Amino acid sequence: MLGLCLIVFGRVFYLQIIQYETYASLGEENSIRQEFVSPARGLIYDRNGVLITDNEPIFSITVTPSNFDEDKIPLLTELLQVEDSVITTRIDEAQRYSWYRTSPLLTDVDFETFSLIQENIWQLPGIGHQIESKRHYPTNMKASHIFGYLREADRNDYESSEDLRLGDKIGKSGLEMVYEDALRGDLGVEFLKVNAYGQSLGNYEGERSGRNPTQGGNIITTIDSELQAYVEELMQDKIGAVVVMNPHTGEILSLVSSPNYDVERLAGRLDRDYWVEINSDSTRPLFNRAISSRQPPGSTFKPLMGIIGLHLGYITPETVVRNTGGYRRGRLYRDIAELGDYDLEKAIAYSSNTYFYALMDRISSQGDLNNWSKLVKDFGLGVPTSIDLPSSTTGIIPDSAYMDRRFGKRQWGLGDLINLGIGQGVISVSPLQIAQMTSSIANGGYRIRPHLVQSIQQSNGEVQITPEVHEKISWVKPEYLDLVKIGMRRVVQEGSGRFYAKTNIIDIAGKTGTAENPHGFSHGWFTSFAPFDDPQIVVTVFLENAGFASTSAAPIASLILEKYLTGEVNRPYTYNHVMNWVPKEDNSQREAE
Amino acid sequence: MSNARDFNWSTAFAWFVLTIIGLTAIYSATQGPVSEFLPDYIQANFFKQLGFVVIGLLLMIGVQFVSPRSLLQLSFVFYFVGVILMILTLFFGAEINGAKSWFRIGPFGFQSSEFMKIATILAVANYLTSRRNISAENIRYALISVLIILVPTALVIAQNDFGTAIIFFALIPVMLFWSGLPYGVSLFIISPAIILYLTVLGWQFGLIAALILTGLIFFIQRRTWLTITSFISGILTVIGVQLALSQVLQPHQIARITAFTNPSFDPTGAGWNVIQAKTAIGSGGLTGKGFLEGTQTQLRFLPEQWTDFVFCVIGEEFGFIGAGLVIFIFGFLFIRLLNMAGNHKHPFAQLVTVSVTAVFFIHFFINVGSATALLPVIGIPLPFVSYGGSAFLTNTLMLAICLNMDFHKREFSIYR
């Protein structure tokens, strides 16, 4: 008997003295719960200080699986007015995340439901409520492809980052994704005393101290929200993209991909119907055409061809090529520009293909393809754009290695290259790249880096300014640029642009283009800058299935230029034309270019 | 007449200290910050216990004026009254925590099985010592004694109070052994319990224990039939337990056993109590977290912390010093009681004192064993410390009887 007493004594000694450390920490963990406190996500401003994205409080219902009683699911579904499966899936997810931590059950419930849960909380163990926030977009622009949407962190997300919990919202596209780390801020930690039922008993006062959440940094974008809204208005019901850029700095004033989607509707609780709708829409509203669409540049490529031809010495400003209805080299490469003699300026102004076929023929036959490719890439085509948005395309500017890969060694020839001279064939670019190329022409031959964020203001007051790139493209001489710029000016004054892009108020220079589309109507391009003498702004418009670029893309660009440079638009005729425009195939389009 | 100097003051003092420790722990467990999470009727437990202590003190004093001979004379009367009360309880009793062991008279309720412990001890002791020729050595007398114990045991099982049944069962070997049952036979009687315990931990242990015990019985008793019977029953126990674990027992019962052998298997379910109890005691350390400061106790992590897990409250808030003191006082109490038994000339007094000691010890061992996860969780109170009127008063009464017989031992000599 005394032996057993000693065993009991020894057991107590073992637990309390030898195993003390183990059980002391167990006991502490038992009664202290670490709660994370979400920081406020950083705000987003436009270039003029207009608040374009902020946070709005929403009511959320939470669940702590260890305390939750599964028998209460029917009551819960009744109160929340959702289906059983919604609740059970969420509880499963929460359980997989953590048995003891609090996870969101249903976010963004209306106030009535929130109050109902509050009233019944006593009979719903493990259920809680909290006030969270969701993104709110106070201006009348959508800018969905710029902002991007947030989604709740799923298993992959929280398993890969210590700072994430199930249900935390993280940027999944756009600026929200690229600047996720800056915007999110740092989680605060709070130690709460809890009892065995998981009820919080207020703050824990002891050795462990929590930390306050750090608010996310605010982002100052380069966007002009007023202009963005105007561009969105012009692009309504059209499929395409517009990029508006400062040619000297690369600051993007407006970036529109149409159709867009309502980013506000993706901000709170996931609207599944809407999500399915925009995902299955054949016009792909989630696709950012402005940076991700890969299209042949068409005739918008001609000014750059001219610059390269001058540099390589295959042409001079005086070189004249006669258009006899096309360029004959093995076969006939058609040209529907007016018959006659063309120098570089005129060839750009009236978009004569023959001139550029001949130029490209010379470059190719002299074995300068790779050199040509390199020079094109200096203008930002065929290389990554380094814009601060996800999934921008590099595009394709072929060199011999590319042609070998694409067609096989020695399986390609001159016939595949001559088309490149007019921006057709195995060449593709994004609207953003065309805007970047136009900027480099307009700004006197400087390479710039297109970007959307000017600076980030950290919550501690530190300001992080996005460095701008402004470096001279060494081989580009001003006289080359002057020549093609005059050509582009003449496009608007006397060429195809004269119908809708010409205005007495501002001096616009630009170039139309057609991207051949094997599946239907051709896609139309118009890239432009203004004022001609002192370029302040570059506007590139790309319209899918637009057919006639000079009547579709060009007027849009001219309205944007006018709006930006004068602050208002005084051409109701053009405006109405754009707003009522419907795509129609025009067989004479080549002629008009 | 006895002299006040003859009274065993140190034993009474041990009772008093345990009672005060109990009150302190019950106060902490029901009136501390934890009271916020407790219903009123549980908060009231401290005040009720305070009342029981006062009654217990009066009982303790009152009993000292009774002649021990009258206890002997009335033992069968008590026994029959007790059995009748238990039968009545079975029909008219109230059910609390699944056990139908409460008998109510007006506002007062008590557990008839608790009172029955005393009555049974007195009755068996009286029977086994009533005549010189009666001895447990004789199989007939032994069986009659066993029958006297089995009647209330059966009733307790019928009341669904398994913890108390264990106490009655344990009385069988103790009382028989003390009144002459040979060592080997006594060992044979308790061997199934040992084998059962070890088989639950692992059937290999059970098998080894069965073999060792059989060997021991053979060496002590040298009776072939007893050895063979012991061997067969040992093997049958191991097989029976294995079968019960795999076939007979319900899932929730198996869960409780698994919770003991491997609490981390289901930490939020059946293993919860075991883990929380161990955590409470372990986190107390040497000096404890302080009165009303135990997080396990005050944040309601402990189950039944005013009764079955009261030892955890002491361990957590007063540390090894407090828990060790409780064990020490119990050890002291057992030694004093056994000492008393040894000094008795009268076999009735001897047997009663030893049986009472055994009852206290089994309570103590199972309760502290459960709390420290040495044993599966069996709901049994810690004598004098746990909340519970019937148990407290019964235990006090039993101790008071032992003290009374010791106090009056000179006048209570052999066979007058």
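Note that the structure is predicted; figures quoted are calculated from it, not measured. Reminder, nothing fancy here: chain letters follow the sequence lines and each chain counts from 1.
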In Å and rounded to the nearest 0.5 Å, what is the CZ to SG distance from B:Phe330 to A:Cys5? 9.5 Å
Name the option with the most non-hydrogen atom pairs under 4.5 Å to chain A; the candidates are B:Thr295, B:Val326, B:Leu338. B:Thr295
A:Leu2, part contacting chain B, at a heavy-atom distance under 4.5 Å: side chain
Just checking heavy atoms, which of residues 318-325 of chain B are less than 4.5 Å from chain A? B:Gly319, B:Phe320, B:Ala323, B:Gly324
Give the interface residues of residues 360-369 of chain B toward chain A, defined by a heavy-atom separation under 4.5 Å. B:Phe361, B:Phe364, B:Phe365, B:Val368
Given heavy-atom pairs under 4.5 angstrom as the criterion, report whether the side chain, backbone, both or neither of B:Phe311 touches chain A. side chain
Contact class of B:Ala371 relative to chain A, heavy atoms under 4.5 angstrom: neither
A quick test of your reading: do over 12 heavy atoms of other residues, nucleotides or ligands sit less than 6.0 Å from CZ of B:Phe205? no
Part of B:Leu302 within contact of chain A (heavy atom distance under 4.5 Å): neither
Set of residues satisfying side-chain contact (heavy atoms from CB on, under 4.5 Å) with respect to A:Glu83, sequence neighbours excluded: A:Ser85, A:Val86
Report which part of B:Ile327 has an atom under 4.5 Å of a heavy atom belonging to chain A: side chain, backbone, both, or neither. side chain
Max heavy-atom pair count under 4.5 Å with chain A, selected residue of B:Gly285, B:Gly331, B:Ala373, B:Gly284: B:Gly285
Minimal heavy-atom distance between B:Ser283 and A:Ala24, with the atoms involved, is CB-CA, 3.6 Å
Within 6.0 angstrom of A:Glu21 CD, more than 12 heavy atoms from elsewhere: no
Residues of residues 7-18 of chain A with any heavy atom under 4.5 Å of a heavy atom in chain B: A:Ile7, A:Val8, A:Phe9, A:Arg11, A:Val12, A:Phe13, A:Leu15, A:Gln16, A:Ile17
Can you tell me if OH on B:Tyr197 sees more than 12 non-hydrogen neighbours from other groups inside 6.0 Å? yes
Exceeds 12 heavy-atom contacts within 6.0 angstrom, atom CH2 of B:Trp178: no
Taking atom CZ as the centre, does B:Phe328 end up with more than 12 heavy-atom neighbours from other residues, nucleotides or ligands that are less than 6.0 angstrom away? no
